[in-house]
Amino acid sequence: MNLHLARLCDIAQQHSRRIIGLMSGTSLDGLDVALCRLHGHGTTTRLELEQFATVPYTEEVRRRVRQVFAREQVSLEYLTLLHAWLGRLHADMILTCLQQWQVAAAEIDLIASHGQTVYHAPAHQHQQPDFTGIHATLQLGDADHLAVATSIITLSDFRQKHVAAGGEGAPLAAYGDYLLLSSATEERLLLNLGGIANFTYLPQAGADSTRAFSTDTGPGNTLLDAAVRAHHPTLSYDVDGLLAAAGQVHHDLLDELLRTSFFEAPLPKTTGPELFGPAYVQAARHRTGTLNLRLEDLLATLVELSAIGVAQAARLAFGPQPALAVYASGGGAHNPALMAALQRQLPACSFATTDALGIAPDAKEAILFAVLANEAVAGQPVSIGAGRQRVPAVSMGKISLPG
Ligand SMILES: Nc1ncnc2c1ncn2[C@@H]1O[C@H](COP(=O)(O)OP(=O)(O)OP(=O)(O)O)[C@@H](O)[C@H]1O
Ligand SMILES: CC(=O)N[C@H]1[C@@H]2OC[C@@H](O2)[C@@H](O)[C@@H]1O[C@H](C)C(=O)O
């Protein structure tokens with residue numbers, strides 16, 4: 001038997017596994033690296049987060065990713081090279097983290113690599129007549145590079161199985177949220193405020209996986225970051241939402257931004273910067289004569305838009321006055337202007353961060369991919385949201401062996 005496969009069988013039979021979860025999302029702020037110890041699997045899964053770091057992307061990394069990011073037309077040569085280069089870059093970032101944490105690669109069982117999303121094309125969003133009804137999504141950073149450079153068995157490309165089984169490839173958060181954060185006593189909304197915002201609904205009877213589901217809700221931080229960068233090339237985001245808090249919502253512009261059909265579309269649904277990008281804001285500003293709007297007012301308007309997207313999705317799912325315990329994660333949970341807008345839009349909900357549930361808000365998405373890898377090797381495929389999501393139980397992730 002191939003020795004690496006024998007090692008994988010051993011890993012699958014251990015009581016606990018040390019798995020590095022990786023996530024690099026739409027904000028292009030860096031690679032989130034979560035060293036997790038996962039005990040058990042399925043509904044008995046227990047997590048210990050041993051280490052966490054966000055290794056920042058340099059401006060040069062961002063420049064290279066942006067050459068293809070959310071663009072309909074790119075150089076195929078550039079894309080090919082970027083796939084290999086990002087794999088090598090992510091491997092180097094992991095090796096640096098392991099060195100800083102004084103953990104040997106041999107002590108790690110698995111890497112769970114999400115890869116860098118560069119294009120997301122659910123059927124409702126792309127306009128390709130040759131591919132009507134086809135969902136597709138693309139993450140770069142080939143995992144063979146991670147496996148070979150680190151000598152750690154690596155699982156990657158989790159979204160493709162979800163697509164193959166009839167889903168849009170996202171959000172996958174429902175699987176890990178359900179296993180780690182369901183409660184028998186509380187109905188929960190796990191709200192992730194990344195570049196794109198999404199939430200997972202966990203019904204009160206924690207064991208009822210058929211009613212759990214996750215959906216994207218629209219923009220999170222992506223439009224805010226782009227607006228800040230356009231005005232201040234050296235600033236990457238509105239730190240603590242101070243600029244947005246100093247602005248006024250421009251209601252004509254907000255109404256125009258809300259006119260896209262995504263907000264009314266039934267749940268679950270996914271989206272990305274392919275729709276919610278600078279061109280969408282620019283077109284709405286053009287139509288409403290707000291090209292000269294102050295940055296503060298633009299940010300206040302975009303903050304309101306993100307919050308209304310979340311509230312609208314919650315109303316579609318739970319009726320006119322949702323009253324749920326909301327636990328926020330992702331970078332937007334650090335933005336008081338965004339959190340205040342959410343509270344205004346959903347006055348009957350209570351708001352906290354996932355810290356209250358013992359999960360660091362910045363680490364949550366990287367942890368979720370470690371959970372998916374844990375399930376792929378040791379668990380049984382979990383069926384989530386059979387009622388709403390109609391995605392069959394599948395295990396996700398492709399396996400790269402180090403040699
Ligand atoms: N102190 C802060 N004040 C305001 N905004 C913040 C703060 N800290 C982080 N952010 C926002 O969070 C963003 C990073 O969020 P996060 O790392 O969750 O995104 P991501 O993982 O790339 O997104 P996605 O979930 O869409 O993949 C930053 O670009 C910024 O907009
Ligand atoms: C295609 C893709 O990478 N989507 C991300 C993105 O970032 C947030 C939102 O859009 C979500 O749908 C998803 O990530 C999380 C981790 C998910 O799959 O649950």
Side-chain angles (χ1 to χ4, degrees), residues 21-32 34 52 54-57 62 65 69-70 112 114-122 125 135-140 157-160 162-163 167-178 190-200 213-229 235-245 268-276 299 302-303 306 309 328-339 353-354 360-372 384 389 396:
L22 303 180
M23 177 70 194
S24 40
T26 45
S27 301
L28 304 186
D29 55 338
L31 180 70
D32 293 339
F52 175 72
T54 299
V55 185
Y57 277 179
R62 279 191 207 123
V65 175
F69 188 74
H114 173 268
Q116 175 64 57
T117 294
V118 291
Y119 208 90
H120 187 59
Q125 203 164 280
H135 304 303
T137 185
L138 183 62
Q139 286 70 44
L140 297 188
D157 226 7
F158 296 86
R159 300 191 186 277
Q160 303 310 329
H162 193 261
V163 173
E168 294 187 6
L172 302 184
Y175 295 86
D177 285 344
Y178 169 72
L190 278 301
L191 174 62
N192 190 71
L193 298 166
I196 295 297
N198 62 296
F199 66 61
T200 301
F213 72 94
S214 56
T215 183
D216 285 354
T217 66
N221 308 305
T222 182
L223 301 177
L224 301 170
D225 290 355
V228 169
R229 270 199 318 272
L235 209 62
S236 51
Y237 64 90
D238 177 15
V239 180
D240 298 338
L242 293 177
L243 293 168
K269 54 193 172 185
T270 66
T271 189
E274 298 77 13
L275 171 63
F276 293 111
L299 290 172
L302 295 176
V303 158
S306 295
S329 60
H334 300 296
N335 183 339
L338 181 54
M339 294 308 293
T353 70
T354 56
D362 294 327
K364 181 170 165 266
E365 287 195 332
I367 291 170
L368 293 177
F369 286 94
V371 172
L372 286 185
I384 302 285
Q389 218 144 5
M396 287 168 266

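In each ligand, atom 1 is the first atom listed, and ligand 1 is the first ligand listed. Index from 1, following the sequence.
By the 4.5 Å heavy-atom criterion applied to side chains, Gln139 and Gln116 are not counted as neighbours.
The residue among Gln116, Arg159, Gln139 with a heavy atom at the shortest distance from atom 13 (C) of ligand 2 is Arg159. Taking only non-hydrogen atoms, the option from Asp362, Leu243, Leu338, Asp225 nearest to atom 28 (C) of ligand 1 is Asp225. Nearest-residue assignment for atom 12 (O) of ligand 1 (options Pro361, Gly331, Ser329; heavy-atom criterion): Gly331. Residue nearest to atom 8 (C) of ligand 2, selected from Thr117, Leu193, Ile196: Ile196 (by heavy-atom distance). The heavy atom nearest to atom 6 (C) of ligand 2, considering only Thr217, Asp177, Thr26, is found in Thr26.
Residue Ala170 has at least one heavy-atom neighbour below 4.0 Å for each of these atoms of ligand 2: 12 (O). Per-residue contacts place His114 under 4.0 angstrom from the following atoms of ligand 2 (heavy atoms of the residue considered): 3 (O). Less than 4.0 angstrom separates some heavy atom of His120 from each of these atoms of ligand 2: 1 (C). The distance from ligand 1 to the heavy atoms of Gly194 drops below 4.0 Å at these ligand atoms: 18 (O), 19 (O), 23 (O), 24 (P), 25 (O), 26 (O). Of all atoms in ligand 1, listed by their number and element, those nearer than 4.0 Å to a heavy atom of Asp240 are 1 (N), 2 (C), 3 (N), 4 (C). In summary, the atoms of ligand 1 found under 4.0 Å from a heavy atom of Gly330, numbered by their order in the structure, are 18 (O). For ligand 1, the atoms lying closer than 4.0 Å to a non-hydrogen atom of Asn335 are 4 (C), 5 (N). Listed by number with element, the atoms of ligand 2 under 4.0 Å from a non-hydrogen atom of Thr137 are 1 (C).
Polar contact with ligand 1: present for Glu365 (N/O pair, distance under 3.5 Å). In terms of N/O distances under 3.5 Å, ligand 2 is approached by Leu172. Checked by distance only, ligand 1 and Thr26 come closer than 3.5 Å through their nitrogen or oxygen atoms. An N or O contact shorter than 3.5 Å links Ile196 to ligand 1 by distance. Annotation: Met23 places no N or O atom under 3.5 Å from an N or O atom of ligand 1; distance criterion only. Among the atoms of Asp216, some N or O lies under 3.5 angstrom from an N or O of ligand 2.
Scanning the protein for heavy atoms near atom 16 (C) of ligand 2, the closest one is Glu365 OE2, 3.2 Å. Given atom 27 (O) of ligand 1, the protein heavy atom at minimum distance is Gly25 CA, 2.9 Å. Ranking the protein heavy atoms by distance from atom 13 (C) of ligand 1 puts Asn221 ND2, 3.5 Å first. Atom 19 (O) of ligand 2 has its closest protein heavy atom at Ala173 N, 2.9 Å. Of the protein's non-hydrogen atoms, Asp238 O, 3.2 Å is the one closest to atom 4 (C) of ligand 1. The nearest protein atom to atom 20 (P) of ligand 1, hydrogens excluded, is given as Ser27 OG, 3.5 Å; this is a heavy-atom distance. Considering only non-hydrogen protein atoms, atom 23 (O) of ligand 1 sits nearest to Gly195 N, 2.9 Å. The protein atom (non-hydrogen) at minimum distance from atom 7 (C) of ligand 1 is Tyr237 CE1, 3.3 Å.
One N or O on the side chain of Ser306 and one on the backbone of Pro219 form a donor-acceptor pair closer than 3.5 Å. Not one N or O on the side chain of Asn192 forms a donor-acceptor pair closer than 3.5 Å with the backbone of Ala328. No donor-acceptor pair closer than 3.5 Å links the side chain of Thr222 to the backbone N or O of Pro273. Panel note: side chain Asn335, backbone Ala337; a donor-acceptor pair is recorded below 3.5 Å. Put simply, the side chain of Asp225 never gets that close to the backbone of Tyr237: no donor and acceptor are under 3.5 Å apart. Looking only at distances, no side-chain donor or acceptor of Glu365 sits under 3.5 Å from a matching main-chain atom of Asp32. When atom types are taken as modelled, the side chain of Thr200 and the backbone of Phe213 share no donor-acceptor pair closer than 3.5 angstrom. Put simply, the side chain of Ser214 gets close to the backbone of Pro171: a donor and an acceptor are under 3.5 Å apart.
Contacts between Asp29 and ligand 1 below 4.0 angstrom, taking non-hydrogen atoms only, involve the side chain exclusively. Counting heavy atoms closer than 4.0 Å to ligand 1, residue Asn192 contributes side-chain atoms (C-beta onward) but none from N, CA, C or O.
The CG atom of Asn198 sits 10.0 Å away from atom OG1 of Thr270, with the distance rounded to the nearest 0.5 Å. Interatomic distance, Met396 CE to Arg159 CZ, rounded to the nearest 0.5 Å: 9.5 Å. Of the inter-residue distances, the one linking Asn221 atom CG with Leu302 atom CG reads 11.0 Å to the nearest 0.5 angstrom. In this structure, Leu31 CG and Met23 CE are separated by 10.0 Å, a value rounded to the nearest 0.5 Å. Within the model, atoms OG1 of Thr26 and CD1 of Ile196 stand 5.5 Å from one another, a figure rounded to the nearest 0.5 Å. Rounded to the nearest 0.5 Å, atoms CZ (Phe69) and CZ (Arg62) are 11.5 Å apart.
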| request: For salt bridge (charged side-chain N to carboxylate O under 4.0 Å, His left out), just list the numbers for Lys364 and Asp177, CA-CA rounded to whole Å, side-chain angles, deciding distance to a tenth of an Å, and then say yes or no. | output: CA-CA 9 Å; Lys364 181 170 165 266; Asp177 285 344; 3.1 Å; yes

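The closest approach between a heavy atom of Gly332 and any atom of ligand 1 is below 4.0 Å.
Between the side chains of His334 and Asp362, at least one donor N or O sits under 3.5 Å from an acceptor N or O.
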